[in-house]
Amino acid sequence: MLYVDRPAWPARGRLWSHLISDVSLAELHVFAEMLGVPRRAFDRDHYDIPAERYPMAVHLGARVVPSRDLVRLLRAANLRRPKHLHRPAPHPRQPS
């Protein structure tokens, strides 16, 4: 199932929502692609989507939930990736 909170997060002169899946990140990526949301909007375990894409997300089946429920849903699905645990991939070694 996909979930979205209402656009309430201000940034760069717009309001934003968070889009998550409680099934898999693969499901989340496919849904975001259907919405036309670029991959750069993905942040560890969710997509930030602008308010103008919110109605389409709901139309395509994302369930609207309060923001506080998103983290609970991610944790229950074992998909939560908090910032303090996120480590970027190491840089590959340069050939000698």
Side-chain angles (χ1 to χ4, degrees):
M1 174 60 88
L2 293 139
Y3 300 90
V4 65
D5 60 358
R6 296 189 186 279
W9 306 97
R12 296 173 295 208
R14 301 161 97 175
L15 290 178
W16 298 80
S17 293
H18 300 104
L19 177 69
I20 68 159
S21 168
D22 67 350
V23 173
S24 70
L25 293 180
E27 177 189 49
L28 180 60
H29 293 311
V30 168
F31 193 84
E33 188 174 324
M34 286 188 331
L35 282 175
V37 177
R39 187 68 177 252
R40 70 179 176 271
F42 180 68
D43 186 14
R44 297 176 326 274
D45 55 14
H46 70 278
Y47 275 87
D48 295 319
I49 63 167
E52 58 269 15
R53 301 220 176 162
Y54 171 83
M56 182 57 72
V58 174
H59 176 76
L60 291 175
R63 183 177 293 173
V64 179
V65 296
S67 299
R68 67 181 176 275
D69 289 352
L70 296 177
V71 171
R72 180 185 57 76
L73 289 161
L74 285 169
R75 284 185 181 142
N78 200 29
L79 292 172
R80 178 69 173 141
R81 303 292 179 260
K83 282 185 183 180
H84 72 279
L85 294 179
H86 178 72
R87 293 189 178 100
H91 292 291
R93 292 185 178 180
Q94 297 294 325
S96 338

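All of these numbers come straight from a predicted model, not from anything done at the bench. We're numbering straight along the sequence, starting at 1. Note that these values count all heavy atoms, side chains included, but never hydrogens, waters or copies made by symmetry.
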**Prompt:** In terms of heavy-atom contacts, does CE of Met56 have more than 12 from other residues, nucleotides or ligands at under 6.0 Å?
**Reply:** no
**Item:** Residue pairs, two or more places apart or on separate chains, that pass side chain to side chain donor-acceptor pair (under 3.5 Å) and touch residues 46-58
**Value:** Arg6-Tyr54, Arg14-Glu52, His29-Tyr47, His46-Asp48
**Asked** Which pair of non-hydrogen atoms, one from Leu25 and one from Arg44, has the smallest distance, and what is that distance?
**Response** CD1-O, 4.4 Å
**Prompt:** Given side chains that start at C-beta, do those of Leu35 and Leu19 come closer than 4.5 Å, heavy atoms only?
**Reply:** yes
**Prompt:** Do any N or O atoms from the side chain of Asp45 and from the backbone of Arg81 form a donor-acceptor pair under 3.5 angstrom?
**Reply:** yes
**Request:** Report the residues that fulfil side-chain hydrogen bond (donor to acceptor under 3.5 Å, both in side chains) with Ser17, sequence neighbours left out, ordered by chain and then residue number.
**Result:** none
**Asked** side chain to side chain donor-acceptor pair (under 3.5 Å): which pairs involve residues 58-79, sequence neighbours left out?
**Response** Asp5-Ser67
**Closest non-hydrogen atom pair, Ala57 against Ile49** = CB-CD1, 4.1 Å
**Asked** Atom CG in Asp22, atom OH in Tyr3: separation rounded to 0.5 Å?
**Response** 4.0 Å
**Request:** Apply side-chain hydrogen bond (donor to acceptor under 3.5 Å, both in side chains) to Glu33 and list each qualifying residue two or more places apart in sequence or on a separate chain.
**Result:** none
**Item:** Set of residues satisfying side-chain contact (heavy atoms from CB on, under 4.5 Å) with respect to Ala8, sequence neighbours excluded
**Value:** none
**Message:** So, taking the atom named CG in Leu28 and the one named CD1 in Ile20, what distance separates them when rounded to the nearest 0.5 Å?
**Reply:** 8.5 Å
**Complete:** Grouping ILVMFWY residues whenever side-chain heavy atoms fall under 4.5 Å, the cluster of Trp9 otherwise contains Trp16
**Item:** Closest approach of Leu79 to Ser24 (non-hydrogen atoms, all atoms of both residues)
**Value:** CD1-N, 3.8 Å
**Request:** Give the cluster check for Phe42 versus Leu60: same hydrophobic cluster or not, with ILVMFWY residues linked at side-chain heavy-atom distances below 4.5 Å.
**Result:** yes
**Message:** Please give me the minimum heavy-atom distance between Ser21 and Leu2, naming the atom from each residue.
**Reply:** CB-CD2, 3.8 Å
**Prompt:** Do Val4 and Val64 touch side chain to side chain, with heavy atoms closer than 4.5 Å?
**Reply:** yes
